Amino acid sequence: MYVHVPFCVHRCGYCDFTLVAGKDHLIDDYLTALEIELNDKRAWGEFFDEDQPISVDTLYLGGGTPTHLAPLELQRLFQLLFKHFHLADDAEFTVEANPVDLTEEKIAALHNAGVNRITLGVQSFDESELQVLERDHTHETIIDGMNRLQERIDNVSLDLIFAIPGQTLEQWQSTLKHAVALNPAHLSTYCLTFEKGTSFHTRLQQGNLREADDELQRSMYAEVMEFLPANDFPQYEISSFAKPACRSRHNQVYWSGRGYFGFGPGAARYLNGGRETNHRSVSTWLKNISAGESGTAESEQLSDKDRAHERLILGLRQIDGVNVEQFSQETGYDVRELAETGIEKLISSGHLEQHESTLRLTHEGRFFADSVTLELM
Ligand code: SF4
């Protein structure tokens, strides 16, 4: 299950996520609306059962910044969630956190609610890069927060960004070293993108911001793929690296094409081949839910073939690739039946390879994961 918490202090220049910045007066309305959505059987599909709350294997609170909520607001959030479902005994319960929020009180609120995994929005350890990204934390905030956090929750993932305007390869190498020195369980690394509608995109168009060139972006990604596995963080997905047994169970649900629930503005759900996405505008979602309407903005029912196709594309994001025999048994489709021309083309260009029963990206193919997806669509 995914729950979206759409609040931040301010909007960072590169961010296009669903959120409201500096509007904490809406937190109370949001929690009330979330409770209404959790009570709405339309959001649960056929899994709605008033008498028997469902058991959830992985719960992920993302944002926005869930830890921007005050401890009492977090407690109210947890209470209303666990009125409508419960966590399985060995469930993974992840919350996205901002380093500035890691006070003793908030960490205790998270820990007491059963949170056993944190993804921390570190992005960089370099003060000038943090300023470029318009983040409100410093290198010191990260270290202090991590020290407090790891006393109670040891499964911590760090999010890092590379190809920040002005960043050199040496600065990126330094950020990776600092990250590994903090002994996290997991690392996610993302290349900065300039999404339409963000202030970074506008500044890029106006020539006020410079994008890292392709060669530097490639060197930075190559560095991640070499440095992290050499430091006991094997790569298991395009952007994800984990110590043994510390892969994100929640994200693997997405990549393996399994179903999930979604609540809150902008959240998506995928239940029995039906995909729905809630309104991305926080105010529209709030207005609709408060008026007794559904929070859903878009829905589509995927055919069996579309579901199989999507599962192939998502599965190839994972470094282990797709076991073609298992795929065919579980979906009823042969992978080549779904995308024969694309697969042959990508094998000839050296971006895909078939090794025994496994179809997977080559090392070179990982640099072009987005183009591989487009080719297989
Ligand atoms: S803190 Fe994260 S979610 Fe909030 S605006 Fe910045 S990048 Fe976006």
Side-chain angles (χ1 to χ4, degrees), residues 1-9 11 15-45 47-48 53-54 56-70 72-87 91-98 101 106 109-110 113-115 117-119 121 159 248 250-251 253-254 259-271 274-299:
M1 176 181 296
Y2 176 81
V3 178
H4 193 78
V5 186
F7 297 96
C8 285
V9 178
R11 186 181 282 276
C15 179
D16 76 334
F17 295 155
T18 292
L19 62 93
V20 283
K23 294 199 175 173
D24 293 2
H25 58 281
L26 292 178
I27 292 176
D28 192 50
D29 291 348
Y30 159 78
L31 290 169
T32 304
L34 188 63
E35 174 135 42
I36 296 172
E37 190 172 48
L38 283 158
N39 267 317
D40 185 346
K41 47 179 148 184
R42 288 171 293 191
W44 292 92
F47 298 91
F48 187 82
I54 201 160
V56 164
D57 295 323
T58 70
L59 171 60
Y60 192 105
L61 269 54
T65 311
T67 53
H68 179 61
L69 269 53
L72 281 177
E73 291 164 340
L74 282 172
Q75 270 175 30
R76 185 176 155 204
L77 171 64
F78 297 139
Q79 271 167 10
L80 68 89
L81 291 176
F82 295 131
K83 231 165 53 184
H84 295 87
F85 62 89
H86 61 85
L87 291 175
E92 177 187 271
F93 182 4
T94 305
V95 173
E96 284 181 357
N98 194 342
D101 295 329
K106 269 191 203 175
L110 298 171
V115 174
R117 184 170 183 274
I118 295 285
T119 57
D159 281 354
S248 163
H250 184 82
N251 287 343
V253 169
Y254 298 143
Y260 48 90
F261 299 102
F263 294 91
R269 61 187 70 87
Y270 183 54
L271 304 169
R275 187 171 33 221
E276 294 187 345
T277 312
N278 278 353
H279 287 282
R280 268 187 64 110
S281 153
V282 178
S283 58
T284 307
W285 177 83
L286 277 174
K287 191 162 61 74
N288 285 17
I289 298 259
S290 314
E293 292 168 21
S294 155
T296 306
E298 291 161 24
S299 56

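FYI, side chains are in, hydrogens and waters are out, and symmetry mates aren't considered; it's all heavy atoms of this structure. As the structure is a prediction and not an experimental result, all values here were calculated from the model.
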Minimal non-hydrogen separation, [X] against [Y], with atom names:
X	Y	result
Thr18	Gly266	OG1-CA, 4.1 Å
His279	Thr284	ND1-CG2, 3.6 Å
Asp16	Arg280	O-NH2, 2.5 Å
Ala267	Gly262	CB-C, 3.8 Å
Ala113	Phe78	CB-CD1, 3.2 Å
Ala91	Val56	CB-O, 3.7 Å

Run the numbers on Leu38 and Leu81 for side-chain contact (heavy atoms from CB on, under 4.5 Å), then give the verdict. CA-CA 8 Å; Leu38 283 158; Leu81 291 176; 3.9 Å; yes
Using side-chain heavy atoms (C-beta onward) and a distance below 4.5 Å, is Pro53 in contact with Lys83?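 They are not in contact (no side-chain heavy atoms under 4.5 Å apart), so the answer is no.
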Are [X] and [Y] close enough that their ring centres sit under 6.0 Å apart?
X	Y	value
Phe261	Phe85	no
Phe7	Tyr30	yes
Tyr260	Tyr254	yes
Trp285	Phe263	no

Is it the case that more than 12 heavy atoms not belonging to Phe82 sit under 6.0 Å from its CZ atom?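 Enclosed: over 12 neighbouring heavy atoms sit under 6.0 Å from CZ of Phe82.
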State the [atom1]-[atom2] distance between [X] and [Y], to the nearest 0.5 angstrom.
X	Y	atom1	atom2	answer
Leu69	Leu61	CG	CG	9.5 Å
Ile36	Ser294	CD1	OG	12.5 Å
Glu35	Leu77	CD	CG	10.5 Å
Ile27	Leu34	CD1	CG	12.5 Å
Arg42	Thr296	CZ	OG1	7.5 Å
Lys23	Ser283	NZ	OG	7.0 Å

Derivation and outcome, side-chain contact (heavy atoms from CB on, under 4.5 Å), residues His68 and Asn98: CA-CA 8 Å; His68 179 61; Asn98 194 342; over 6 Å; no
In this structure, which one of Thr119, Thr94, Thr58 forms a side chain to side chain donor-acceptor pair (under 3.5 Å) with His250?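 Filter result, single survivor: Thr58.
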Verify whether one side chain among Thr67 and Thr65 offers a donor that lies under 3.5 Å from an acceptor in the other.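 There is no such pair between these side chains.
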Polar contact flag, side-chain donor to acceptor under 3.5 angstrom, Thr32-Arg76: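 Yes, side-chain donor-acceptor contact under 3.5 Å.
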Test side-chain contact (heavy atoms from CB on, under 4.5 Å) on Glu96 and Tyr60; report intermediate values, then the result. CA-CA 8 Å; Glu96 284 181 357; Tyr60 192 105; 2.9 Å; yes
Full working for side-chain contact (heavy atoms from CB on, under 4.5 Å) between Leu271 and Glu276: CA-CA 9 Å; Leu271 304 169; Glu276 294 187 345; over 6 Å; no
Can you tell me if Asn278 uses its side chain to pair, donor with acceptor, with the backbone of Gly264 under 3.5 Å?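 Side chain of Asn278 to backbone of Gly264: a pair is present.
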Just grab all the salt bridge (Lys or Arg N to Asp or Glu O under 4.0 Å) pairs involving residues 282-291, residues at least two apart or on different chains.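 For residues 282-291: none.
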